[in-house]
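Keep in mind that this is a model prediction, so the values were computed, not measured.
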Protein chains: 2
Amino acid sequence: MQRSPAGRNRARRGAVTLQTVAEKAGVSTATVSRFLNDAHLVSQEVRGRVEAAIRDLGYIPHHAARTLASNRSRTIGAIVPTLDNAIFSSHITSFQKHITKAGYTLLLATFEYDLEVEFKQAQTLLERGVDALSLVGERRSDAFYALLERADVPFVNTWVWRADSRYPCCGFDHEAALKRVVDHLVELGHRTFAVVTGFADRNDRVAARLAGTRQALAAHGITLDERLLLSVEYSYASGREALRRLRALDVTPAPTAIIAGNDVIAAGILFEAKAQGIDVPGTVSVVGFGDYDISKELDPPLTTVRSPKTEIGERAAEYLLSRLAGRETPERVELEARFCPRGSTAPPPAPAPAPAKPASPPPSGARKAAPKRRPAKSRSRSAD
Amino acid sequence: MQRSPAGRNRARRGAVTLQTVAEKAGVSTATVSRFLNDAHLVSQEVRGRVEAAIRDLGYIPHHAARTLASNRSRTIGAIVPTLDNAIFSSHITSFQKHITKAGYTLLLATFEYDLEVEFKQAQTLLERGVDALSLVGERRSDAFYALLERADVPFVNTWVWRADSRYPCCGFDHEAALKRVVDHLVELGHRTFAVVTGFADRNDRVAARLAGTRQALAAHGITLDERLLLSVEYSYASGREALRRLRALDVTPAPTAIIAGNDVIAAGILFEAKAQGIDVPGTVSVVGFGDYDISKELDPPLTTVRSPKTEIGERAAEYLLSRLAGRETPERVELEARFCPRGSTAPPPAPAPAPAKPASPPPSGARKAAPKRRPAKSRSRSAD
DNA sequence: CCCATGTATGTAATCGCTTACAATCGATGA
DNA sequence: TCATCGATTGTAAGCGATTACATACATGGG
């Protein structure tokens, strides 16, 4: 089962080609090719002979040759930031299932949030002749979009949606989603927020959600204290660490609600809170993003926003397949990111008695009429 | 940015080819090709001209043509059961990182544990001319192995290792890993076990772990009550349901330890236990498999076996790359699956007073001297 | 009975690149 | 000084398919 080092051999040793099949079936290569691509162009009788020849010889079509001759690779590329994030593995699983059904194969690349790598990966995939390309996000360099234009291949920006986007997109409105979150918290009576998010500089979805958060807060006359804005990796550990850092800051008034960049961070915060004996949501409310499988199992169940991960994969596939089939299809697909209130959010605690620090006067005026308080343990008000 | 329907166009409209570059640089296509593949074969001066031409024209090599001409695709295929399982997404992420570094691209396929689909995917990838192939598991049909043989492409069975395997493998000994788990539980004093695992008929790792479990139990004179063996999907929900089913069985004596097929199932069991007020590990011990990120954060932290997911990806890549480079390399790579005792396992509760059922005599003789009891809350005895 | 039409097949020209082989040229050693 | 050699470069024959175009044979309407 050993093989010559770097396959420098010219003709593949004893390879079965169209020619072989054609000879065995007593027809021309063109006929065999027709059988392969448009069987109905071949008569019943010949069809049988060719089929038998292919089976007997164990013929496998040479994909590169087909691609070269037909200028179609039957391959679709997808570039996602990482597979270590469950939302992307769900997305890709679903994407793959759908393109496979249509006879396409997936060429996958990840870039671990390094935008230069993303660009290189795109080049590689285009070089490989993908017939279409699925991307994540929409903020990319002019050079990147120029490349896409030059390649003249259908593509779609997933996980984003804007009514006025210049490019095909398939996702949801991140700003609106966070507005919903902020409104929920403000309604509960929260006025002081911490935000523990991803890195906005390399992730435009994070940037959009952050912008949405700021806008929504502003609409309620609240300004985000920049000290309470942390950018961290997506991991339980960094969620935990974030909570420790927030506490160490000792900002007054202390935030009564933490908006986490995703459910993994939020879960980390929950774990750390439990370890430190901090009551969630009694003392502090926590909101996540994404609605991961684990989220409704957490203690307390996590209030979050359900991101339509599977649906994004499906609809992106659908869009690209339509384009490839020459069908008319909407350029922008908006999906729903439903808010899922659960047990990790509740009204803030009653204003604490003036903190131990003698110097700081208790802030008062800022706090408007808080809505009627509910018992802190009012959990799982979620639809699920 | 629209494109002709099904790219039936012969020559790609106005495509930049080697020819174009060659003309612009005033050299032959052979020279440009050499520049691309073995730059040192080209003189400094010409190298500069070619480089400039490529840059100016935005030339992208046509991969299919290269593959056809050189009989090397610089693509490596990987087939995994699913990406929805974090161990495989970690595996693939790591695998991809390493092959990318060596200039290869990943062609990925999943089969969702449907072995027929797996076979088809293998055919597709080989048809696409992958230079090498990474698989999961080792139990496959003769036809499958015949296909691999015929394709004459290096491949490796990952997630499995046996000293006497006929094929290259990169993984660990599942039987031994479960033996370690069983020994741990028996040492703690457990005698009655439940097993909630995946589906052994379509997953040879599950089968091997189950075999290991049975053997280890037998070595301690214990037989697994088949009613306490459940096969379920890998999800929190099925873990929860499994615990409910186990309780509904009302087998006597009730199992004091549950061996779960992976950490997701184990976590589900933990969640359900908490919901039902069952003390873990006080009333029942739970062991998982895989050491997922979440596992040490659970309450109690989950005793489990760490599977070397990242390392498997890395070493599998290493093996295949070595083969492709013509380097000698060991055919079987054994990795460590370390046992991680944590808080979810403890000695069983003191033998309950004879169960409410009047008819059943309390089993006695079976129970040998249980080791000294530790307080049920003795948690986090873990190394980490 | 003839020709237009349709169906089934064959012929052969690509597709864009790699690479064996040949050619050129200055430098080197006998 | 001449054959040899190494370093560069060019020429052109494929790689294994697809597909435009040509051909061959029935069929049927006029």
Side-chain angles (χ1 to χ4, degrees), chain A residues 4 6-23 25-50 53-54 57 59-75 126-129 131, chain B residues 4 6-50 53-54 57 59-74 126-129 131:
Chain A
S4 63
R8 245 168 250 241
N9 39 335
R10 207 67 220 263
R12 303 175 307 166
R13 42 130 248 188
V16 176
T17 72
L18 252 205
Q19 186 74 49
T20 328
V21 175
E23 279 162 15
V27 297
S28 72
T29 60
T31 299
V32 180
S33 175
R34 285 189 196 103
F35 170 83
L36 255 24
N37 297 296
D38 269 310
H40 74 268
L41 290 178
V42 177
S43 69
Q44 283 292 344
E45 185 221 331
V46 173
R47 220 181 287 184
R49 297 213 311 272
V50 173
I54 289 180
L57 293 168
Y59 168 71
I60 295 184
H62 191 294
H63 180 254
R66 301 182 82 164
T67 300
L68 179 58
S70 69
N71 197 30
R72 273 166 302 149
S73 72
R74 297 165 182 86
T75 299
L126 291 173
E127 176 177 331
R128 308 263 155 171
D131 291 341
Chain B
S4 63
R8 259 274 152 208
N9 39 334
R10 209 64 220 266
R12 301 177 308 167
R13 35 129 259 183
V16 176
T17 72
L18 251 205
Q19 185 73 50
T20 328
V21 175
E23 278 163 14
K24 171 136 186 168
V27 296
S28 73
T29 60
T31 299
V32 181
S33 174
R34 286 191 195 99
F35 170 84
L36 255 23
N37 297 298
D38 270 309
H40 75 266
L41 289 179
V42 177
S43 68
Q44 284 291 345
E45 185 222 331
V46 173
R47 221 180 286 185
R49 296 213 311 273
V50 173
I54 288 179
L57 293 167
Y59 168 71
I60 296 184
H62 191 294
H63 179 255
R66 298 182 85 161
T67 300
L68 180 57
S70 69
N71 197 29
R72 274 167 300 148
S73 72
R74 296 166 183 87
L126 291 172
E127 177 176 331
R128 308 263 156 171
D131 291 342

R34(B) (side chain) donor-acceptor with V42(B) (main chain) under 3.5 angstrom: no
Contact check, side chains of V27(B) and F35(B), non-hydrogen atoms, under 4.5 Å: no
Round to the nearest Å and state the distance from E23(B) atom CD to dG16(C) atom P. 13 Å
With the side chain counted from C-beta on, respond yes when V46(B) and T31(B) share a heavy-atom pair under 4.5 Å apart, and no when they do not. yes
L36(A) CG to dT18(D) P, straight-line distance once rounded to whole Å: 6 Å
Tell me, please, which residues at least two apart from S33(A) pass side chain to side chain contact (heavy atoms under 4.5 Å, CB included). L18(A), N37(A)
Rounded distance in Å - CD (Q19(B)) to C1' (dC15(C)): 13 Å
Atom-to-atom span, NE2 of H62(B) to P of dC15(C) - whole angstrom: 11 Å
Could you list, one pair per line, each protein nitrogen or oxygen that sits under 3.5 Å from a nitrogen or oxygen of nucleotides 7-11 of chain D, together with the distance?
unit_1: dT9(D); atom_1: OP1; unit_2: S43(B); atom_2: OG; d: 2.8
unit_1: dT9(D); atom_1: OP2; unit_2: S43(B); atom_2: N; d: 2.9
unit_1: dT9(D); atom_1: OP2; unit_2: S43(B); atom_2: OG; d: 3.4
unit_1: dG10(D); atom_1: OP2; unit_2: S28(B); atom_2: N; d: 2.9
unit_1: dG10(D); atom_1: OP2; unit_2: S28(B); atom_2: OG; d: 3.0
unit_1: dG10(D); atom_1: OP2; unit_2: T31(B); atom_2: OG1; d: 2.6
unit_1: dG10(D); atom_1: N7; unit_2: R34(B); atom_2: NH2; d: 3.4
unit_1: dG10(D); atom_1: O6; unit_2: R34(B); atom_2: NH2; d: 2.5

I'd like to check the side-chain hydrogen bond (donor to acceptor under 3.5 Å, both in side chains) partners of R47(B); sequence neighbours left out, ordered by chain and number. none
Salt-bridged, R66(A) to E127(B), with N to O below 4.0 Å? yes
Between CG of N37(B) and C1' of dC17(C) the distance, given in whole Å, is 9 Å
Closest approach to the side chain of T17(A), judged atom by atom: which nucleotide of dT18(D), dC17(C), dG16(D) is it? dG16(D)
Note, DNA chain C 5' to 3' with Watson-Crick or G-U pairs under 3.5 Å encoded as ( ), [ ], | and . gives ||||||||||||||||||||||||||||||
What nucleic acid atoms does F35(B) come within less than 4.0 Å of, heavy atoms only: base, sugar-phosphate, or nothing? nothing
For T29(A), what residues pass the side-chain hydrogen bond (donor to acceptor under 3.5 Å, both in side chains) criterion, not counting sequence neighbours? none
Just how far, in rounded Å, is P of dT11(C) from CG of L18(A)? 15 Å
Phosphate OP1/OP2 of dT19(C) contacted by R72(B) side-chain N/O (<4.0 Å): yes
Which residues share a side-chain hydrogen bond (donor to acceptor under 3.5 Å, both in side chains) with Q44(B), sequence neighbours left out: none
Judged by atom type as modelled, is there a donor-acceptor pair below 3.5 Å linking the side chain of S73(B) to the main-chain atoms of T67(B)? no
Between dA17(D) atom C1' and D38(A) atom CG, what is the distance in whole Å? 15 Å
For H63(A) and dA17(D), give me the distance from atom NE2 to atom P, rounded to whole Å. 12 Å
